[in-house]
Enquirer: 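Once you've had a glance at the structure underneath, I'll fire off some questions.
Residue numbering restarts at 1 for every chain, and letters A, B, ... go by the order of the sequence lines.
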Amino acid sequence: MRDLSRELLDWYDIHARAMPWRVGPRDKLAGVRPDPYAVWMSEIMLQQTTVAAVTEYFKRFIARWPTVADLAAAEDAEVMGEWAGLGYYARARNLLKCARAVVADHGGQFPADHAALLKLPGIGPYTAAAIASIAFDLRHVVVDGNVERVMARMFDEHTPLPAAKPVLTEHADRLTPNERPGDHAQAVMDLGATICTPKSPACGICPWRDPCRARAAGTAPELPKKTPKKAKPIRHGTVYLAQRDDGAWLVETRPDKGLLGGMMGWPGSDWVDVADPRPTGSPMRADWIKLNGEVRHTFTHFHLILDVMVAQVADTQADRGFFLPRDQFRPSDLPTVMRKAFDLAQS
DNA sequence: GAGGCGTGGTA
DNA sequence: TTACCAAGCCT
């Protein structure tokens, strides 16, 4: 097994992808060490999210809050606004909770300990292993979607996920070396992201081409098997965009739990399975005008079609939400579905 | 343990 | 256009 990890590390030394949060093999030779805060930030952002989507968000967060203490001292609304558009907003809420826990309980330093990391908000089995491994070079088995795919192919494992997870983890464990476990973890993930891709894997240039059983069997493109997903239902709703004469917008902060939790948004109706031609959920009396067109947006588990109502109001009395002054309103603070409604109203 | 939880890119 | 997919966590 040592030979396999050696082959992979040799490949990684040459092909490691450059990322703003990554300390590459050459930098390490020069004595550079990873910043655990940056490693943690990147790993939270990368949960179910592509490198391309994360890169600019990561740079903005680190520039605005250079240390975990800076982040812990931030206002909730600042962090949620900066996260807007990246999705899975529970990550942002847990990001703040975690930063505050690190300051309060760990003296402002991320613990170099897998079990302690696992106790922090938003850090699960993957992220705890990734931080321990990448930031502190401790040997832990890092298993994300890339690793699952690489292992399923290396060992031609046809059991569908998630049932196959334990056996794939055992395979990953046996391949993890004692030396440079952090680089090894990043190498497997880079391999999965660039060569052992979900579709059309580039087996011809893979450093593990020879030992890979799925390549020998010709089954690599169809692995890993996954249990089929449910079809997404279509839901319907209405949002209300009221602008006061002085330019302030009527917005609300959504409840901390549930969809888009803690994010700013437009007041409106519940989102239901059957379209109701009559708008409901109005936050205040006004001469509402229904816009032509609609907002279409897809969440993890349903499609959404929104009607958009607009009104110019003088009255500042609203049943829901609050008026946010024009100079404090930034569309980029809105989650994407809410920004789509704003864009429709502006067009 | 199965489902809730975003978004943008890609085929 | 539709469906799938990406460095998962929480309940």
Enquirer: Scan A/Arg296 against the nucleic acid and name what it touches under 4.0 Å (heavy atoms): base, sugar-phosphate only, or nothing.
Expert: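 Touches nothing.
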
Enquirer: More 5' along DNA chain C: A/Met19 or A/Pro121, using each one's nearest nucleotide?
Expert: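 Nearer the 5' end of the strand: A/Met19.
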
Enquirer: So which protein nitrogen or oxygen atoms get under 3.5 Å of nucleotides 8-11 of chain B's nitrogens or oxygens?
Expert:
none

Enquirer: When the aromatic ring centroids of A/Trp266 and A/Phe329 are compared, is their separation below 6.0 Å?
Expert: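 Aromatic pair counts; centres sit under 6.0 Å.
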
Enquirer: Whole Å only: how far is the NZ atom of A/Lys230 from the P atom of B/dC5?
Expert: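 Whole-Å distance recorded here is 13 Å.
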
Enquirer: Quick check, are the ring centers of A/Phe302 and A/Phe299 under 6.0 angstrom apart?
Expert: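 Yes, the ring of A/Phe302 comes within the 6.0 Å limit of the ring of A/Phe299, centre to centre.
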
Enquirer: For A/Gly258, which contact category applies under a 4.0 Å heavy-atom criterion: base, sugar-phosphate, or nothing?
Expert: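 Sugar-phosphate only.
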
Enquirer: Nearest to the side chain of A/Tyr89, heavy atoms from C-beta on, is which of C/dC9, B/dG6, C/dA6?
Expert: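 Of the candidates, B/dG6 comes closest.
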
Enquirer: Base, sugar-phosphate alone, or nothing: which one does A/Thr127 contact when heavy atoms must sit under 4.0 Å apart?
Expert: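 Sugar-phosphate, backbone atoms only, no base.
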
Enquirer: For C/dC10, does either OP1 or OP2 sit under 4.0 Å from a side-chain N or O belonging to A/Arg93?
Expert: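 Answer no for this pair, as no side-chain N or O of A/Arg93 is under 4.0 Å from OP1 or OP2.
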
Enquirer: Separation of A/Ile44 atom CD1 from B/dC5 atom C1', in whole Å?
Expert: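 Atom-to-atom, A/Ile44 to B/dC5, this comes out as 15 Å.
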
Enquirer: Counting side-chain heavy atoms from CB outward, which of B/dC5, C/dC10, C/dA3 is closest to A/His303?
Expert: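 Of B/dC5, C/dC10, C/dA3, C/dA3 is nearest to the side chain of A/His303.
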
Enquirer: Rounded to whole Å, please give me the gap between CE in A/Met45 and P in B/dC5.
Expert: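 Spelled out: CE on A/Met45 to P on B/dC5 is 22 Å.
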
Enquirer: Under 3.5 Å, is there a donor-acceptor pair between the side chain of A/Trp249 and the main chain of A/Phe323?
Expert: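 Not at all, since once roles are kept as given, no pair shorter than 3.5 Å links the two residues.
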
Enquirer: Less than 4.0 angstrom between a side-chain N/O of A/Lys229 and OP1 or OP2 of C/dC5, yes or no?
Expert: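 Answer is yes, contact under 4.0 Å.
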
Enquirer: In whole Å, what is the span from the NZ atom of A/Lys226 to the C1' atom of C/dC4?
Expert: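 These atoms are roughly 9 Å apart.
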
Enquirer: Take the protein atom CZ of A/Arg91 and the nucleotide atom P of C/dG8, then report the distance between them rounded to whole Å.
Expert: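 In whole Å, C/dG8 P and A/Arg91 CZ are 9 Å from each other.
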
Enquirer: Within the structure shown, what part of the strands sits under 4.0 Å from A/Leu86 by heavy-atom distance: base, sugar-phosphate, or nothing?
Expert: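 Touches a base.
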
Enquirer: Tell me the interatomic distance from A/Trp83, atom CH2, to C/dC9, atom P, rounded to whole angstroms.
Expert: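 After rounding, the gap between these two atoms is 13 Å.
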
Enquirer: Side-chain N or O of A/His301 less than 4.0 angstrom from OP1 or OP2 on B/dC5?
Expert: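 Yes, because at least one side-chain N or O of A/His301 sits under 4.0 Å from OP1 or OP2 of B/dC5.
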
Enquirer: In whole Å, what is the span from the CG atom of A/Leu95 to the P atom of B/dC5?
Expert: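 These atoms are roughly 20 Å apart.
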
Enquirer: Nearest whole angstrom, please: distance from the P of C/dG8 to the OH of A/Tyr88.
Expert: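 The distance from OH of A/Tyr88 to P of C/dG8 comes to 9 Å, rounded to the nearest Å.
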
Enquirer: Can you list the residues that meet the salt bridge (charged side-chain N to carboxylate O under 4.0 Å, His left out) rule with A/Arg215, with sequence neighbours excluded?
Expert: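 A/Arg215 satisfies salt bridge (charged side-chain N to carboxylate O under 4.0 Å, His left out) with no other residue.
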
Enquirer: Looking just at side-chain N and O atoms, do A/Thr298 and A/His303 make a donor-acceptor pair shorter than 3.5 Å?
Expert: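 Distance-only check passes for A/Thr298 and A/His303.
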
Enquirer: Tell me if a side-chain donor or acceptor on A/Ser5 pairs with a main-chain N or O of A/Pro177 at a distance below 3.5 Å.
Expert: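 Side chain of A/Ser5 to backbone of A/Pro177, a donor-acceptor pair under 3.5 Å: no, none is there.
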
Enquirer: Side-chain N or O of A/Gln48 less than 4.0 angstrom from OP1 or OP2 on C/dG8?
Expert: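 Yes.
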
Enquirer: Between the main-chain N or O of A/Leu191 and the side-chain N or O of A/Tyr12, is there a donor-acceptor pair closer than 3.5 Å?
Expert: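 Between the backbone of A/Leu191 and the side chain of A/Tyr12 there is no qualifying donor-acceptor contact (under 3.5 Å).
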
Enquirer: Please give the distance between the P atoms of B/dG3 and C/dC4 as a whole number of Å.
Expert: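 Comparing P positions in B/dG3 and C/dC4 gives a spacing of 16 Å.
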
Enquirer: Between A/Arg60 and A/Tyr57, is NZ or CZ placed under 6.0 angstrom from the six-membered ring centre and within 45° of the ring axis?
Expert: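 The answer is yes, since A/Arg60 meets both limits relative to A/Tyr57.
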
Enquirer: For a quick check of understanding: with a heavy-atom distance under 4.0 Å over all strands, which category does A/Met263 fall into, base, sugar-phosphate or nothing?
Expert: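 No contact.
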
Enquirer: Tell me if the side-chain of A/Thr300 makes a donor-acceptor pair with the base of B/dG3, cut-off 3.5 Å, by modelled atom types.
Expert: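 Answer is no: no donor-acceptor pair is held.
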
Enquirer: Look at all strands and tell whether A/Pro162 reaches a base, only sugar-phosphate, or nothing, counting heavy atoms closer than 4.0 Å.
Expert: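 Answer is nothing: A/Pro162 stays at 4.0 Å or more from every strand.
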
Enquirer: Using the P atoms only, state how far B/dG8 lies from C/dC9, rounded to an integer number of Å.
Expert: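 Looking at atom P only, C/dC9 and B/dG8 are 22 Å apart.
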
Enquirer: side-chain hydrogen bond (donor to acceptor under 3.5 Å, both in side chains) with A/Arg153: which residues, sequence neighbours excluded?
Expert: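 Checked A/Arg153 against side-chain hydrogen bond (donor to acceptor under 3.5 Å, both in side chains); zero matches.
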
